[in-house]
2 protein chains.
Amino acid sequence: MFTIKEVQEKFGLPASTLRFYEKEGILPPIGRDSGGRRLYSEPELEWLQLVVALRDTGMTMDHIKNYVELVKQGDETLHQRRQILLEHKQDVERKMNQTLEHLEKINRKMAVYDLLAHGKKDFLI
Amino acid sequence: MFTIKEVQEKFGLPASTLRFYEKEGILPPIGRDSGGRRLYSEPELEWLQLVVALRDTGMTMDHIKNYVELVKQGDETLHQRRQILLEHKQDVERKMNQTLEHLEKINRKMAVYDLLAHGKKDFLI
DNA sequence: TCTCATGTTAAAGTTAACTTTAACGAAATG
DNA sequence: CATTTCGTTAAAGTTAACTTTAACATGAGA
């Protein structure tokens with residue numbers, strides 16, 4: 001069991017964000033201690049890990065919320081959930097390829113700068 | 001020379017965004033025809049291409065603007081500009097590695113769904 | 001027992017990056 | 001010549017994803 005501060009440190013997410021996610025239904029309702037303070041347990045941290053993976057790969061919070069709704073509906077939605085993950089994965093892969101092309105563009109620009117730095121202005125095509 | 005509509009189609013960027021970028025100084029002031037309408041020429045499109053590459057790889061508009069300021073200052077800032085591109089590139093590469101790790105997480109989740117789908121619940125560790 | 005760190009909530013505020021609107025001008029088309 | 005179509009500006013509006021604030025509660029240490 002972990003306090004909100006511990007989870008904040010483990011995940012590098014501000015406590016305010018953790019509360020926000022719970023309020024929005026992106027995390028399940030977290031258990032509390034006698035004083036009403038949140039205590040996170042393992043399955044909730046597992047869950048948070050997947051949320052972070054989806055978020056950091058560009059899934060919107062709205063879509064994550066939709067996915068969470070399916071999780072709440074139980075095993076009948078397994079196939080649908082797999083499909084969502086698959087499509088998101090393909091999406092991420094497309095974006096990564098785009099990024100690689102953009103990096104090429106940036107590399108070429110750097111190469112131009114290198115040529116200019118060595119006073120080779122005249123040899124540019 | 002290209003009208004704003006042509007650039008919009010070439011780049012998939014709304015005309016409003018092109019005007020916005022110019023207003024913000026992210027694009028240089030674009031030439032106009034007799035009627036005051038924008039006419040984009042090759043170097044401006046080249047420039048737009050780099051802006052899009054930087055933006056789509058996660059550079060903020062503020063940082064792009066800073067970079068543009070350096071370009072405007074001429075060749076004395078060549079080294080600084082190269083450095084900015086280099087650091088950005090390294091940043092993008094770090095993020096791509098993070099993304100690959102996140103994809104692994106998503107893959108593992110999909111594998112779990114596959115096991116569950118085939119009723120192999122009992123064989124999960 | 002005092003006080004200080006840590007937690008709680010609901011509600012309001014912030015920020016980036018556009019997008020929309022309103023009011024208008026120019027130009028191509030039937 | 002009338003009417004769409006395409007363009008212009010400045011200013012206001014939008015959206016996502018938090019973050020901050022205010023007002024209060026709890027529990028540990030001096």
Side-chain angles (χ1 to χ4, degrees), chain A residues 1-41 44 47-69 88 91 95 98 102, chain B residues 1-41 44 47-69 88 91 95 98 102:
Chain A
M1 304 290 256
F2 306 88
T3 67
I4 201 167
K5 202 182 194 189
E6 284 162 344
V7 177
Q8 164 172 262
E9 277 151 19
K10 251 182 196 297
F11 282 79
L13 289 177
S16 63
T17 302
L18 293 169
R19 293 193 198 98
F20 170 71
Y21 283 177
E22 187 181 345
K23 194 180 64 181
E24 295 289 293
I26 284 163
L27 290 180
I30 306 296
R32 310 302 174 104
D33 69 7
S34 61
R37 301 201 190 94
R38 286 171 180 80
L39 279 179
Y40 294 80
S41 50
E44 293 157 355
W47 181 229
L48 182 54
Q49 224 174 97
L50 183 62
V51 167
V52 168
L54 293 175
R55 183 194 72 166
D56 284 3
T57 52
M59 191 181 279
T60 64
M61 287 302 154
D62 264 20
H63 282 102
I64 297 179
K65 214 189 300 186
N66 290 344
Y67 179 81
V68 175
E69 292 307 319
H88 178 63
D91 217 72
K95 273 187 218 144
Q98 258 285 307
H102 287 320
Chain B
M1 304 291 254
F2 307 88
T3 66
I4 202 169
K5 203 184 194 190
E6 285 162 344
V7 179
Q8 163 172 264
E9 276 151 20
K10 253 183 196 297
F11 282 79
L13 287 178
S16 64
T17 302
L18 293 169
R19 294 195 197 97
F20 170 72
Y21 283 177
E22 188 182 344
K23 195 181 65 181
E24 294 290 293
I26 284 162
L27 290 179
I30 305 297
R32 309 303 173 105
D33 70 6
S34 61
R37 299 199 192 96
R38 286 172 180 79
L39 280 180
Y40 295 80
S41 49
E44 291 157 357
W47 180 230
L48 182 53
Q49 224 174 97
L50 183 63
V51 167
V52 168
L54 293 175
R55 183 196 70 166
D56 284 4
T57 51
M59 191 182 281
T60 64
M61 288 302 154
D62 264 19
H63 281 103
I64 296 178
K65 215 188 299 185
N66 290 345
Y67 179 80
V68 175
E69 292 307 318
H88 178 62
D91 217 73
K95 274 186 216 144
Q98 258 284 306
H102 286 321

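Numbered from 1 within each chain, the chains take letters A, B, ... in sequence-line order. Values below: every heavy atom of this structure, side chains too, minus hydrogens, waters and symmetry copies.
Applying the salt bridge (charged side-chain N to carboxylate O under 4.0 Å, His left out) criterion to E24(B), with sequence neighbours excluded, gives K65(B). Applying the salt bridge (charged side-chain N to carboxylate O under 4.0 Å, His left out) criterion to K5(A), with sequence neighbours excluded, gives no partner residue. With sequence neighbours excluded, the residues that form a salt bridge (charged side-chain N to carboxylate O under 4.0 Å, His left out) with D91(B) are R94(B), K95(B). Residues meeting the salt bridge (charged side-chain N to carboxylate O under 4.0 Å, His left out) test with K10(B), sequence neighbours left out: none. A search for side chain to side chain contact (heavy atoms under 4.5 Å, CB included) contacts involving V7(A) returns F2(A), F11(A), L18(A), Y40(A), L45(A), L48(A), not counting sequence neighbours. Listed by chain and number, the residues in a side-chain hydrogen bond (donor to acceptor under 3.5 Å, both in side chains) with Q49(B) are K105(A) (sequence neighbours excluded). For Q98(B), the side-chain hydrogen bond (donor to acceptor under 3.5 Å, both in side chains) criterion is met by H102(B), not counting sequence neighbours.
At least one donor-acceptor pair closer than 3.5 Å links the side chain of E44(A) to the backbone N or O of S41(A).
Nucleotide dT9(D) holds its C1' atom 16 Å from the CG atom of L18(B), rounded to whole Å. Atom C1' of nucleotide dA26(C) and atom CZ of R32(B) are separated by 14 Å, given to the nearest angstrom.
Nearest heavy atoms, G58(A) versus H88(A): C-CE1, 4.2 Å. Between L54(A) and I64(A), the closest heavy-atom pair is CB-CD1, 4.0 Å.
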Quick one: which protein N/O atoms are closer than 3.5 Å to N/O atoms of nucleotides 3-7 of chain C? Pair and distance per line, please.
unit_1 : atom_1 : unit_2 : atom_2 : d
dT6(C) : OP1    : K5(A)  : NZ     : 2.9

Would you list the protein and nucleotides 15-20 of chain C atom pairs, both N or O, that sit under 3.5 Å from each other?
unit_1  : atom_1 : unit_2 : atom_2 : d
dA17(C) : OP1    : M61(B) : N      : 3.4
dA17(C) : OP2    : M61(B) : N      : 3.2
dC18(C) : OP1    : R55(B) : NH1    : 3.3
dC18(C) : OP2    : Y21(B) : OH     : 2.7
dT19(C) : OP2    : T17(B) : OG1    : 2.7

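Between the axis at the start and the axis at the end of the helix from dT1(C)-dA30(D) to dG30(C)-dC1(D) there is an angle of 0°, using five pairs per end and rounding to 10 degrees.
Less than 4.0 Å separates DNA chain C from no heavy atom of any residue of residues 47-54 of chain B.
Using a 4.5 Å heavy-atom threshold, the side chains of V52(A) and L13(A) count as touching. Using a 4.5 Å cut-off on side-chain heavy atoms (C-beta onward), T3(A) and R37(A) make no contact.
Screening residues 11-22 of chain A for side-chain hydrogen bond (donor to acceptor under 3.5 Å, both in side chains), with sequence neighbours left out, gives Y21(A)-R55(A), E22(A)-R32(A), E22(A)-R38(A).
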